[in-house]
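Written out below as structure tokens is the structure these notes cover.
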Amino acid sequence: MTSTAGFARSVYDVVRRIPSGMVASYGLVALALDRPRDARQVGRALFVCREADVPCHRVVNRNGVLTGAWAFETPTEQREKLLSEGVAFDLQGRVDMALHCVRADELTDP
DNA sequence: GACATGACGGCAC
DNA sequence: AGTGCCGCCATGT
């Protein structure tokens with residue numbers, strides 16, 4: 001019970017801390033939870049996420065690719081939201097991680 | 001209970 | 001810099 005459901009809750013808690021205009025990789029979220037090997041489970045947790053207060057569109061993979069765009073209502077929803085928050089994309093349609101990747105200590109509660 | 005899959009990541013080539 | 005392969009772990013069949 002607390003294994004997966006609790007994990008998912010922790011994931012949502014971390015994702016909620018991602019500032020507008022910034023993004024985080026799945027691995028970074030997992031790292032913030034002290035589980036560097038559970039990046040895939042982060043994705044799965046977001047897949048089952050139904051809470052609107054969780055900015056799951058700010059979570060991308062380590063390459064800045066919107067691998068989970070298909071999980072949104074429309075394939076372009078994630079990109080549109082990020083664009084409206086000021087996130088810049090490169091010519092290959094990837095997020096500029098050097099500029100928009102949030103730092104790990106921004107996700108962990110000090 | 002074993003096998004295949006996946007919103008991933010790191011490392012080798 | 002891009003591509004490929006393997007490792008991790010929970011789920012579904």
Side-chain angles (χ1 to χ4, degrees):
Chain A
M1 192 326 212
T2 49
S3 0
T4 54
F7 175 77
R9 252 188 1 193
S10 301
V11 169
Y12 303 152
D13 197 49
V14 169
V15 173
R16 269 188 278 256
R17 290 178 193 164
I18 305 175
S20 178
M22 299 294 279
V23 299
S25 69
Y26 300 94
L28 193 60
V29 174
L31 190 64
L33 298 174
D34 290 310
R35 284 180 169 175
R37 301 304 195 275
D38 286 350
R40 304 185 95 147
Q41 274 51 266
V42 171
R44 187 162 287 279
L46 292 178
F47 174 70
V48 297
C49 180
R50 305 277 188 317
E51 306 180 33
D53 60 319
V54 178
C56 46
H57 60 277
R58 294 178 191 157
V59 185
V60 299
N61 76 345
R62 74 172 180 88
N63 294 311
V65 180
L66 281 54
T67 52
W70 56 268
F72 290 78
E73 299 184 17
T74 67
T76 58
E77 181 180 331
Q78 185 174 17
R79 177 171 169 130
E80 290 296 322
K81 283 186 176 180
L82 291 175
L83 282 173
S84 70
E85 292 179 355
V87 175
F89 286 77
D90 59 16
L91 295 178
Q92 297 180 87
R94 302 182 308 183
V95 176
D96 190 334
M97 297 302 278
L99 295 177
H100 301 289
C101 186
V102 71
R103 300 186 327 182
D105 53 290
E106 291 288 326
L107 300 177
T108 55
D109 191 15

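Letters A, B, ... mirror the listed sequences (proteins, then strands); counts begin at 1. From a predicted model like this one, the values you see are computed outputs, not experimental measurements.
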Which nucleotide span of DNA chain C, 5' end to 3' end, has atoms closer than 4.0 Å to non-hydrogen atoms of chain A? C:dG2 to C:dT11
Just the atom pairs and distances: protein N or O near nucleotides 4-9 of chain B's N or O, under 3.5 Å.
| residue | atom | partner | partner atom | Å |
| --- | --- | --- | --- | --- |
| B:dG6 | N9 | A:Arg40 | NH2 | 3.4 |
| B:dG6 | N7 | A:Arg40 | NH2 | 3.2 |
| B:dG6 | N2 | A:Gln41 | OE1 | 3.4 |
| B:dA7 | N7 | A:Gly43 | O | 3.3 |
| B:dA7 | N7 | A:Phe47 | N | 3.3 |
| B:dA7 | N6 | A:Leu46 | O | 3.0 |
| B:dA7 | N3 | A:Tyr26 | OH | 2.6 |
| B:dC8 | OP1 | A:Thr67 | OG1 | 3.1 |
| B:dC8 | N4 | A:Arg40 | NH1 | 3.1 |
| B:dC8 | N4 | A:Arg40 | NH2 | 3.2 |
| B:dG9 | OP1 | A:Tyr26 | N | 3.3 |
| B:dG9 | OP1 | A:Gly27 | N | 2.9 |
| B:dG9 | OP2 | A:Arg62 | N | 2.8 |

Enumerate donor-acceptor pairs with a distance under 3.5 Å from any side-chain N or O in residues 27-43 of chain A to protein atoms, sequence neighbours excluded.
none

Ordered by number, residues from residues 83-106 of chain A within less than 4.0 Å of DNA chain B (heavy atoms) are none
Verify the cluster assignment for A:Met22 and A:Leu82: are they in a single hydrophobic cluster under the rule of side-chain heavy atoms below 4.5 Å apart? no
Is there a path from A:Tyr26 to A:Met97 through hydrophobic residues (I, L, V, M, F, W, Y) whose side chains come within less than 4.5 Å of each other? no
Any chance the side chains of A:Glu80 and A:His57 put a donor and an acceptor closer than 3.5 Å? no
Taking only distance into account, with no hydrogens and no angle test, what donor-acceptor pairs under 3.5 Å do side-chain atoms of residues 60-75 of chain A form with protein atoms, sequence neighbours excluded?
| residue | atom | partner | partner atom | Å |
| --- | --- | --- | --- | --- |
| A:Asn61 | OD1 | A:Asn63 | N | 3.1 |
| A:Asn61 | OD1 | A:Gly64 | N | 3.1 |
| A:Asn61 | OD1 | A:Val65 | N | 2.7 |
| A:Trp70 | NE1 | A:Thr67 | O | 3.0 |
| A:Thr74 | OG1 | A:Glu77 | N | 3.2 |

Starting from the C-alpha separation in whole Å, work towards a yes-or-no answer on side-chain contact (heavy atoms from CB on, under 4.5 Å) for A:Glu85 and A:Arg58. CA-CA 10 Å; A:Glu85 292 179 355; A:Arg58 294 178 191 157; 2.9 Å; yes
Run the numbers on A:Val23 and A:Ile18 for side-chain contact (heavy atoms from CB on, under 4.5 Å), then give the verdict. CA-CA 7 Å; A:Val23 299; A:Ile18 305 175; 5.6 Å; no
Is it true that A:Glu51 and A:Arg9 have a side-chain N and a carboxylate O under 4.0 angstrom from each other? no
If the threshold is 4.0 Å, N to carboxylate O, is there a salt bridge linking A:Arg17 and A:Asp13? yes
Quick one: side-chain contact (heavy atoms from CB on, under 4.5 Å) partners of A:Arg103, sequence neighbours excluded? A:Asp105, A:Glu106
